[in-house]
Amino acid sequence: MAAQASLPTLIRKKRDGERLEEDEIRSFVRGVTEGTAQEGQIGAMLMAIRLRGMDGGETLALARAMAGSGRALAWPQAWRGLLVDKHSTGGVGDKVSLALAPALAACGCKVPMISGRGLGHTGGTLDKLEAIPGFRVTQTPEQMRSILERVGCCIVGQSEELAPADRVLYGLRDVTATVDSPPLVTASILSKKAAEQLSALVLDVKFGSAALCPTQDSARELAQSLVWVGERLGIRTAAVLSRMDEPLGRCVGNSLEVLEALECLEGGGPPDLRELVTALGGLLLWHCGLAGGVPQGQERLGRALDDGSALCAFEAMLGAQGVPPDTAHRLCTGTPEQRRGVLGQASIVEELPVLQGGWVQRVAALPLARVLQELGTGRARAGDAVKPRVGAELLVAAGQRVRAGEPWLRLHHEGALSGAARRALQGALCLGPAPPPAPPPRLAETVLGPGTPPGPPGTPELPASAGDGR
Ligand code: IUR
């Protein structure tokens, strides 16, 4: 057997643009997991990968090695084929998971959803759920299994034991400017999904001014990498490319987004939110065989939202994850006032007026999210506390004509709003002298694996491109 190459040798190899073998990648990940690799060495390898890239085989080997660095979840045989999850690369106002997980459970799936916290200007599903009094995001694998048995879905944080190498690598990527590397993103996301032992996965890869991927081309490159590697890890994988220039829905901020997700779970809420929930869910229902095609899957998911079964699953999930039953019931079935009573309200609620009349071209997600993050919806550093009741409701939409003095944003906050923050918020409202051109669809494209049969029945309505196997 050949002697194991030292870590500096592996770093040099990648630095010089050579391909790493599977056993070399495993050896690097072992060093990361066992703590024998120094931080400087890990950082150097991350930067070499960021600059030189990895081919599909290397990325697959990295995802496998990272998945194997910890424990895998185990599920009853009877759930084979039904275990599904969704992952988003992060957006503003993205409360899709809150509605999608229970809707999928109502359709017969098992959804062990492992979510993250917000970092930077993007929100996190766990922070939104923690706006609900009593909700516990920490659940052991045994507790997850019990909740899936009773309810069909849970939404939890990543445990220490699941893909621990990712925890180390992700933390170091954040401080070494190596977050935006397709192979590193791919291996990070899929190592956790592989350890979850999923049957099917759908990815919401966002692109635009408030997304990780600035352009549709870069989102497609990432989506193709995710789909190609995901399929080879044995997970039926599909990705939707969705635009993230404007917030999703009308609300941004943790407790406000819970309220909007509840509207979606009642069959209402903003159309763009419902469209994304049913598009992602439709793909999953098709991939796990519970629908004959994507349109049928979308229709089935829409029915679960309209007939109250998704809301019922959400209430059961809240109860199973620590929310007192009467609180969960009031939140799920109460009037808007009763719901606000459960979640509480920020101490200051004020409406911002339009300064100069015109046609709304768009409400830019990034400046809005940055100000809200500073006001407390998000955190500057991992571990900071968030203010669950801080947020904003959009009162206008692109294409609408507004006059000076009309309110356009209802802001919920808990302290003084500086002049700079006020100006930055006003900058998010983009006005023009004429109506804007028709906006491009929010859902731009789907990326499917090579094993997906083309053509009807079951062809997604979105233009599809196959993962190209790089
Ligand atoms: N979420 C992950 O789990 N990993 C990543 O690299 C990114 C988002 I970016």
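Side-chain atoms are counted along with the backbone in the values below, which use heavy atoms only and exclude waters and symmetry mates. Because the structure is a prediction, the values reported are computed rather than measured. When a ligand or atom number is given, it counts from 1 through the structure's own listing order.
Not a single N or O atom of Asp166, backbone or side chain, sits closer than 3.5 Å to an N or O atom of ligand 1. For the pair Ser188 and ligand 1, the shortest N or O to N or O distance falls below 3.5 Å.
Taking each heavy atom of Ala310 and Leu265 in turn, the nearest pair found is CB-CD2, 3.7 Å. Counting all heavy atoms, side chain and backbone alike, Gln197 lies closest to Leu83 at O-CD1, 3.8 Å.
Looking only at side-chain heavy atoms (C-beta outward), Val252 and Leu394 stay at 4.5 Å or farther from each other.
Near Lys192, meaning under 4.0 Å from one of its heavy atoms, ligand 1 places the atoms 2 (C), 3 (O), 4 (N). Counting atoms of ligand 1 from 1 in the listed order, those under 4.0 Å from a heavy atom of Val185 are 6 (O). When each atom of ligand 1 is checked for a heavy atom of His87 under 4.0 Å away, the hits are 1 (N), 3 (O).
The protein non-hydrogen atom at the shortest distance from atom 7 (C) of ligand 1 is Tyr170 CE1, 3.6 Å.
Salt bridge Asp180/Arg50: present, at least one basic N to carboxylate O contact under 4.0 Å.
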Subject >> Worked check of side chain to side chain contact (heavy atoms under 4.5 Å, CB included) between Glu18 and Arg12 >> reply: CA-CA 9 Å; Glu18 287 179 51; Arg12 195 174 307 118; over 6 Å; no
